[in-house]
Amino acid sequence: MIQPPRRLFIGLIPERPIQLQIQRHCREWAWPTDARPERFGRYHITLHFLGDVGLGPEHLLRRALRKVAVEPLELELCVPEVWRNNVAVLRPANHDGLQALYDRIALVLPATGLQPSQPQFKPHVTLARNAGQATPPAATKPIRWRVNEFVLVWSVLFPQAKPARYEIVERFGATPGQALSPPATNGQQGEQLPLL
Ligand code: 3AM
């Protein structure tokens with residue numbers, strides 16, 4: 001069966017202990033009743049959103065990403081903000097290494113036929129949407145997050161998945177080339193993120 005294009009993005013997804021710290025941080029905000037919080041397990045930083053990618057370009061992409069150098073990063077999530085598009089976010093302190101990783105990935109994308117999505121990289125973890133009236137905590141205890149890898153993620157949307165979920169297609173970094181194969185086509189295989 002031909003694999004239909006998959007909605008992919010490249011990002012950083014923390015393990016459960018950091019997911020828990022982010023969730024705890026969220027409890028310190030004052031949220032409007034109609035805010036739509038991000039689900040536990042899905043907290044992440046998007047590096048490059050790619051949109052729908054066919055099987056051929058996906059293979060090229062994965063091969064190219066395996067060659068991207070990954071140096072461990074110590075991120076500090078410490079800046080809560082509400083953006084004009086009503087998204088509430090937690091941002092890391094400026095980190096040259098994070099920008100450099102973003103840039104290195106951007107460099108390999110054109111050869112795969114894919115274009116970087118956001119020429120301006122504004123790293124953030126989305127906490128909630130529809131949160132224009134949210135109030136961040138007066139003080140934020142920084143969350144230290146050691147990053148050893150980046151991941152290629154399949155964003156499986158409703159009705160393909162109910163509820164929509166993120167599935168890690170491949171990890172790049174500390175354990176290079178540790179692919180989950182064959183790639184899942186129906187959302188029933190592959191690595192699913194632990195959601196509550
Ligand atoms: O990291 P965040 O939560 O800001 O908003 C979507 C989410 O980003 C973003 O990709 C991430 C994983 O879904 N996204 C969705 N559609 C997008 C698009 N067309 C997009 N980013 C850029 N362009």
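Counting starts at 1 for both ligands and their atoms, following the listed order. Residues: numbered from 1 along the sequence shown.
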What residue and heavy atom of the protein are closest to atom 13 (O) of ligand 1, and at what distance?
Tyr166 OH, 3.5 Å

Give the atoms of ligand 1, by number and element, whose distance to some non-hydrogen atom of His124 is under 4.0 Å.
1 (O), 2 (P), 4 (O)

Nearest neighbour in protein (non-hydrogen) for atom 11 (C) of ligand 1:
Thr46 OG1, 3.4 Å

Among all protein heavy atoms in this structure, tell me which lies nearest to atom 3 (O) of ligand 1, with the distance rounded to 0.1 Å.
Thr126 OG1, 2.8 Å

Measure the shortest side-chain to side-chain distance between Leu61 and Arg63 over non-hydrogen atoms and say whether it is less than 4.5 angstrom.
no

Ring centres under 6.0 angstrom apart (Tyr102, Phe121)
yes

Among protein heavy atoms, which lies nearest atom 15 (C) of ligand 1, and at what distance?
Arg7 NH2, 3.3 Å

In the protein, which heavy atom is nearest to atom 5 (O) of ligand 1, and how far is it?
Arg129 NH2, 3.9 Å

May I ask whether Glu38 places a heavy atom under 4.0 Å from ligand 1?
no

Closest protein heavy atom to atom 23 (N) of ligand 1, given as residue, atom name and distance to 0.1 Å:
Phe49 CD2, 3.5 Å

Between CZ on residue Arg62 and CG on residue Leu8, distance to nearest 0.5 Å
9.0 Å

On a heavy-atom basis, the closest approach of Leu65 and Phe150 is O-CZ, 3.8 Å

Please determine if Glu28 and Lys141 form a salt bridge, counting it only when a charged side-chain N lies under 4.0 Å from a carboxylate O.
no

Does a donor on one side chain and an acceptor on the other come within less than 3.5 Å for Thr46 and His48?
no

